[in-house]
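Comments concern the structure below.
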Amino acid sequence: MSTLPAIGTDEPRCLLAPDGTVAEGHVTALDDAALLDAWRAMLQSRAIDERFFSLQRQGRLGTFSPVNGEEAAVVGSAWALDPARDWVVPQYRELPAMLRQGYTVTRAVQYFTGNPAGNFMAPGVNVLPYQISLAAQIPHAVGLAWGLRHQGSDGVVCVYFGDGASSEGDAHEALNLAGVRRAPVVFLLKNNGWAISTPVHRQTAAPSFAARAAGYGMAGELVDGNDLFAVHDACTRAVTRARAGEGPTLIEARTYRMGPHNTSDDPTRYVDPEELEARRAGDPVARLRRHLQAKGLVDDASEEVLTAALTAEVDAAVAEAEAGAPPGPEAMFDHVYARPPQRMAGQRAAATGEAG
Amino acid sequence: MSTLPAIGTDEPRCLLAPDGTVAEGHVTALDDAALLDAWRAMLQSRAIDERFFSLQRQGRLGTFSPVNGEEAAVVGSAWALDPARDWVVPQYRELPAMLRQGYTVTRAVQYFTGNPAGNFMAPGVNVLPYQISLAAQIPHAVGLAWGLRHQGSDGVVCVYFGDGASSEGDAHEALNLAGVRRAPVVFLLKNNGWAISTPVHRQTAAPSFAARAAGYGMAGELVDGNDLFAVHDACTRAVTRARAGEGPTLIEARTYRMGPHNTSDDPTRYVDPEELEARRAGDPVARLRRHLQAKGLVDDASEEVLTAALTAEVDAAVAEAEAGAPPGPEAMFDHVYARPPQRMAGQRAAATGEAG
Amino acid sequence: MAVMTMVEAIRSALAAELERDERVLLLGQDIGVNGGVFRATEGLQERFGAERVVDMPLAEAVIVGSAVGLACSGLVPVPELQFLGFGSQAFHQIEGQVARMRFRSHGRYGMPMVIRAPFGGNVRTPELHSDAHEAKYAGSPGLKVAMPATARDAKGMLTEALRDPDPVLFCEPLRGYRLIKDEVPEEDFTVPLGRARTVREGDDLVIVAYSAAVVIAEKAAERAAAEGYSVGVLDLRSLVPLDADALREAVARSGRALVLHEAPLTAGFGAELVATIQEEAFWSLEAPIGRVAAYDTPYPPGSVEDLYVPSVERVLAAIRTVLEA
Amino acid sequence: MAVMTMVEAIRSALAAELERDERVLLLGQDIGVNGGVFRATEGLQERFGAERVVDMPLAEAVIVGSAVGLACSGLVPVPELQFLGFGSQAFHQIEGQVARMRFRSHGRYGMPMVIRAPFGGNVRTPELHSDAHEAKYAGSPGLKVAMPATARDAKGMLTEALRDPDPVLFCEPLRGYRLIKDEVPEEDFTVPLGRARTVREGDDLVIVAYSAAVVIAEKAAERAAAEGYSVGVLDLRSLVPLDADALREAVARSGRALVLHEAPLTAGFGAELVATIQEEAFWSLEAPIGRVAAYDTPYPPGSVEDLYVPSVERVLAAIRTVLEA
Ligand SMILES: Cc1ncc(C[n+]2csc(CCOP(=O)(O)OP(=O)(O)O)c2C)c(N)n1
Ligand SMILES: Cc1ncc(C[n+]2csc(CCOP(=O)(O)OP(=O)(O)O)c2C)c(N)n1
Ligand SMILES: [Mg+2]
Ligand SMILES: [Mg+2]
């Protein structure tokens, strides 16, 4: 066990303080270009949240879960990956990580309008589809990492799941198998304080989720999930270990869901407004903004320009997605089987009016 | 967390040394009467293993899993319970614990001859039925403990499961819920080194199963499972905590399956004979024998007499079970429903030749 | 009598039994403070306390599995599956444990339990939230499966299920939670399981359905009436127990039948209905029994789900086919 | 041709594909050093190494769930469920993930996977080891379900399944592992899924069965022949795809049919067969289609299991009933 990083069971590691200053002696691996790229991704995520939310309200989009508040946890981890060989296995609240890997906003719009094409990852985009069945993606990530290694790749898989999903049996079975097989997986547990209306203290009595790593013989880390540097640093070390064949890591990123669970949720029923206010102070975007402004890399003007550009991009993607022909009945049958059973083929023919 | 016992992640706690001497300054809570009672239970278990095995070979019994080698883990824990208010939730290799609670050898014989009556626990016998679906009993134990507490009882539930069962999702979900609800449960994980042919190091990379307790916010202990005193001591403290409302404990009892997995298993295919020999040296019965002989409580002569008596008891139970009329077709339908659907009632009538 | 929506009827049945029987205890995800994602348990935690309306961790197997233990302790647990589709995470506990514990224990441990589970489509939920898995549970001996189609039945059958010593999977049509409204007695009453309801009589053909599909069947029957056909509708109410007598009589009357459900066709419960009908009423059959069901594909994304779930038009077309056969 | 037992045929198919296709990887409980509890994988780990024949932790959901990821990585995983009854622990991964990944990913991630699972009764296994859950999987769109009844088909269909780009649940009758013996070609060959096998022709009645029940059907047909009845036997081979044409033709010939399986009656796959037959061949039916199945109770303990699983006598009695109807 000595080779494994110690687990802070209650104090998350913080490198970028809420006031935007960096911890004594820490030098982030993110150079200015990478930093601005990450900043851009975080602002893009905010722009998407905003637009998608209003589109849903207009009935142009289906149920959608905003990233709002968790940008540093998602971007910090994704930026530790090499999209060319590493993989992202998402839950449903990690769009910025999927985009970094090559997924497009247009597809995201399609997905949230109920178009089956929206969950298609183009060849070369190392991402598994959105996962709605909580924790079901975690075993997939372990098998994927195992399979990559089996075939001689040094790719690493980063799988995202929530504090709620962590209670599912699949999370345990997958973590345990990853330990046994020393699979190159980074388990990024985004503890945003809530599973819909269930607060994390009702989800578990554990002092931290990172404390579970020891029970699987793997490294565990607890980081401030609103701290881009701390998340990126922990994830980078985890990726390095995994690539070197030193096995998986469980990273708990403590963040906070600043908005509703999704577009049909009403958090005022269960979130204490004072707590929410207090948590807003931890806003990861504001924190990074302070740092970048102090560094002189951004200012209000540049941010305004960037946000406008990003919003325009989103609008263009929405327009593109909405311009496409809506799926017809064949969409129910396409890709269900590579070699469809005769009966389903007949149903397809009947539904589409084609000859069977 | 400070209130929780520290977890030795690799050195099991030992109080009764293999040579039969007791650890410096330890005084067991088991007085001589209780000691001899436990000794009797361990010898009874051996007698049952032997008889059942040969009955199976004669085709008079179905598949059976011997306790052989795990007597201290089962008896040491069961003797920490109060059968009048505490409960045992077994897997399938804990017959001595079930008998202590009031289950009978005759019923056990019925069970292993495929008689549905064999799984019946008489009123007042606080035991759940044998569980074949691995780990499925662990959620039951948590619900049972929760329900007892909800109704004002101070009863404690001791649930048994194996190193193999620990890998199932149900084990995780149940441990986590027990932590959240501070349910009065003692999780007795019998690590006997094997899940059929799967050695424990292929089951998990964890340094110990006890190390998982921290990840559920509960106490965890690692004990020498061949040490009656260490198991009884850890379990007694766990029961005391649970009764006092201080929540659950995960106890890993490190023992060894000295025989085959069950009557249809051939361990010579996968067990290294040298390892087996080495492990036999840890035989919990031999260890207790040394202690009791040194204490002058037993000698070879008294043991011979006792074993003969116990074997006679088993034979009597077998005779009693075999004397009963074999189950008829109604056994397929009895107790499936309290209020049977019409269709099943009709099937019953047809199968039994009764009027529908 | 007051008109209630189905979700109000369910809530009132739960409240009444919590009031009447202190052994009753609700457990599930988001059922407490949040009152359930569909508000089926709204206000119940405030009224009965957090020890009787319990918010659970996100883990279906232990929500159902701990309910098994709660029942062994003498309580009447009412676990909620937030969606029936996630019953698959607890499938081993439901079919292997809940359904078998009475039998396994030779009668010592009955399972007076109601597993509540919303299901069904056309409401643009994310993937896996609309799946209709009822046949998989109806094929799990030891379980009973209730499928109310009206607010009145929802209250009466839920009350009955809560008092039934056997475990009942109680499936609630989420599309109908608010759309289905009818008169529901305020006072205590029960509707027995296993007794089908004749929604309308018909001489030419009978549509056999359950849950929200009954609404589709009624609309189709009306449309058919406009075309001059006399089409009856039989609401099964429960799949286990199954009211074979009602099936026989309904088919004996019209000689033609159509079975309808939201689940995919193959191995759907409609197959059991066809098999039962032809066993019970073969000689009165004048045409092959029709089946209208979803296609043999996974429940699709929202943009095409209304083409997937059987519509009034598809039922009408099937009616014509059976009548013209 | 050599005579092989079914378990030998399965082992030879696995060995041949491991040899032929390096993407094939076996994973399961006790399949390596121990060669599987039924010896289906005996010697394979020695021959192909512990990286291609992998002993797994005791956790069905991740055995199947990691296979999904292995398939996404480009491999052809062959997870073994030690017993089909424990597929319920992985049910959410099988019906919700394996069966839907191709559709969910709009074709990007196919699931060329074979889930092997022994099942079936009369061998005095402990509880839950004999359960016949096939209908629950046949009702899970995206999956194919194979049910071989002979050693030859076991090898040919397993080879076919291993090369099929779609996921296949391959159910192996554990009673037949050693009892079922027949001639099996040594060379590479495949038996397509979805094409039923006419075991024997019959003019009076046809028994439709699959897996080990085919053996029961054959014996019953012979006994019936002794009574002067000409009874045919149709072996379905797979439930999905389903050979509806063969069903139509067989019933068209005899006008009377009996469906047979080891699973309980209600919502068993026999219901789908009856429904399909009456859709395909209603006008040639001369009597109600009979169903012989296990009772609607959990699989019972060993002392009575032989009364539970359909026997030759029960099938014979049903034959007489259908013929006399
Ligand atoms: C297996 C399963 N059970 C229940 C649900 C319903 N559900 C959707 S999201 C959610 C909460 C998830 O919480 P968490 O894992 O913390 O992720 P977060 O939404 O906070 O990002 C629930 C209960 C589901 N989608 N899947
Ligand atoms: C859910 C489930 N999967 C597989 C099996 C088959 N099986 C029976 S015993 C066993 C090994 C159990 O090992 P462990 O939990 O360590 O208990 P032990 O036999 O060592 O006492 C297996 C795999 C089962 N009974 N249940
Ligand atoms: Mg969360
Ligand atoms: Mg073991």
Side-chain angles (χ1 to χ4, degrees), chain B residues 62-65 92 110-119 129-136 162-171 195-199 202-204 261-262 264-267 269-270 326-337 340-341 343-344 346-348 350-351, chain D residues 28-39 42-43 45 50 54-63 65 82-83 85-86 88-90 92-93 123-131 264-267 293-309 314 317-318 321:
Chain B
T63 313
F64 163 72
S65 293
Y92 48 71
Q110 291 178 316
Y111 177 75
F112 289 110
T113 53
N115 180 339
N119 228 343
Y130 284 97
Q131 182 58 259
I132 295 304
S133 186
L134 288 163
D163 45 294
S166 75
S167 295
E168 290 280 356
D170 280 11
I196 306 185
S197 73
T198 310
R202 280 229 164 55
Q203 198 62 243
T204 187
H261 167 67
N262 65 23
S264 38
D265 177 44
D266 172 13
R269 299 174 64 91
Y270 57 82
E330 66 288 344
M332 293 184 282
F333 304 93
D334 287 342
H335 308 298
V336 174
Y337 291 94
R343 175 177 278 183
M344 193 201 81
Q347 294 173 349
R348 181 197 175 110
Chain D
Q29 297 159 9
D30 306 294
I31 67 167
V33 181
N34 198 34
V37 291
F38 296 105
R39 310 292 172 245
E42 182 154 30
Q45 187 178 70
V54 184
D55 280 315
M56 293 286 281
L58 209 166
E60 289 75 16
V62 81
I63 287 172
Q82 200 164 70
F83 295 89
F86 304 124
S88 296
Q89 266 79 353
H92 58 294
Q93 284 289 343
V123 294
R124 306 287 179 273
T125 57
E127 193 191 359
L128 299 156
H129 285 60
S130 300
D131 291 22
L265 181 78
T266 295
Y295 301 114
D296 288 320
T297 68
Y299 196 98
S303 67
V304 289
E305 69 177 309
D306 294 344
L307 300 173
Y308 179 79
V309 177
R314 258 159 78 191
T321 310

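Reminder, nothing fancy here: chain letters follow the sequence lines and each chain counts from 1.
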- Item | Under 4.5 Å from a heavy atom of chain B, the part of V62(D) involved | neither

- Counting heavy-atom pairs under 4.5 angstrom with chain B, the leader among G302(D), P57(D), G32(D) is P57(D)

- Query: Take atom CZ in R124(D); do more than 12 heavy atoms of anything else shown fall under 6.0 Å from it?
  - Reply: yes

- Task: Could you check which of D163(B), D170(B), V336(B) has the highest count of heavy-atom pairs closer than 4.5 Å to chain D?
- Result: V336(B)

- Taking atom types as modelled, is there a side-chain donor on Q110(B) or S303(D) under 3.5 Å from an acceptor on the other? no

- Query: Does H261(B) have any ring-ring contact (aromatic ring centres under 6.0 Å, His included) partners at least two apart in sequence or in another chain, and if so, which?
  - Reply: none

- Message: What part of A135(B) gets within 4.5 angstrom of chain D, counting heavy atoms only: side chain, backbone, both, or neither?
- Response: neither

- Message: Using 0.5 Å steps for rounding, measure from the OG atom of S133(B) to the CZ atom of F83(D).
- Response: 12.5 Å

- Note on the structure: Residue set satisfying side-chain hydrogen bond (donor to acceptor under 3.5 Å, both in side chains) with Y92(B), at least two apart, ordered chain then number -> none

- Cut-off 4.5 Å, heavy atoms of chain B, and the answer for F86(D) is side chain

- Query: Are a donor atom and an acceptor atom from the side chains of D30(D) and S197(B) found within less than 3.5 Å of each other?
  - Reply: yes

- Item | Interface moiety of T266(D) toward chain B, non-hydrogen atoms closer than 4.5 Å | both

- Query: When rounded to the nearest 0.5 angstrom, what is the spacing between CG in D296(D) and CD in Q347(B)?
  - Reply: 4.0 Å

- chain B contacts, top residue of E60(D), Q29(D), H129(D), M56(D) (heavy-atom pairs, under 4.5 Å): E60(D)

- Query: CG of L307(D) to CE of M332(B): how many Å apart, nearest 0.5 Å?
  - Reply: 4.5 Å

- Task: Could you check if a side-chain atom of L58(D) sits within less than 4.5 angstrom of a side-chain atom of Q203(B), using non-hydrogen atoms only?
- Result: yes

- Query: When rounded to the nearest 0.5 angstrom, what distance separates CD in Q82(D) from CD1 in I196(B)?
  - Reply: 4.5 Å

- Message: Which atoms of R343(B) are under 4.5 Å from chain D, going by heavy atoms: the side chain, the backbone, both sets, or neither?
- Response: side chain

- Query: P301(D) versus chain B, heavy atoms under 4.5 Å apart: side chain, backbone, both or neither?
  - Reply: both

- How long is the gap from CD on Q89(D) to CG on L134(B), to the nearest 0.5 Å? 8.0 Å

- Part of P116(B) within contact of chain D (heavy atom distance under 4.5 Å): both

- Query: So how far is it from T198(B) OG1 to I31(D) CD1, rounded to the nearest 0.5 Å?
  - Reply: 10.0 Å

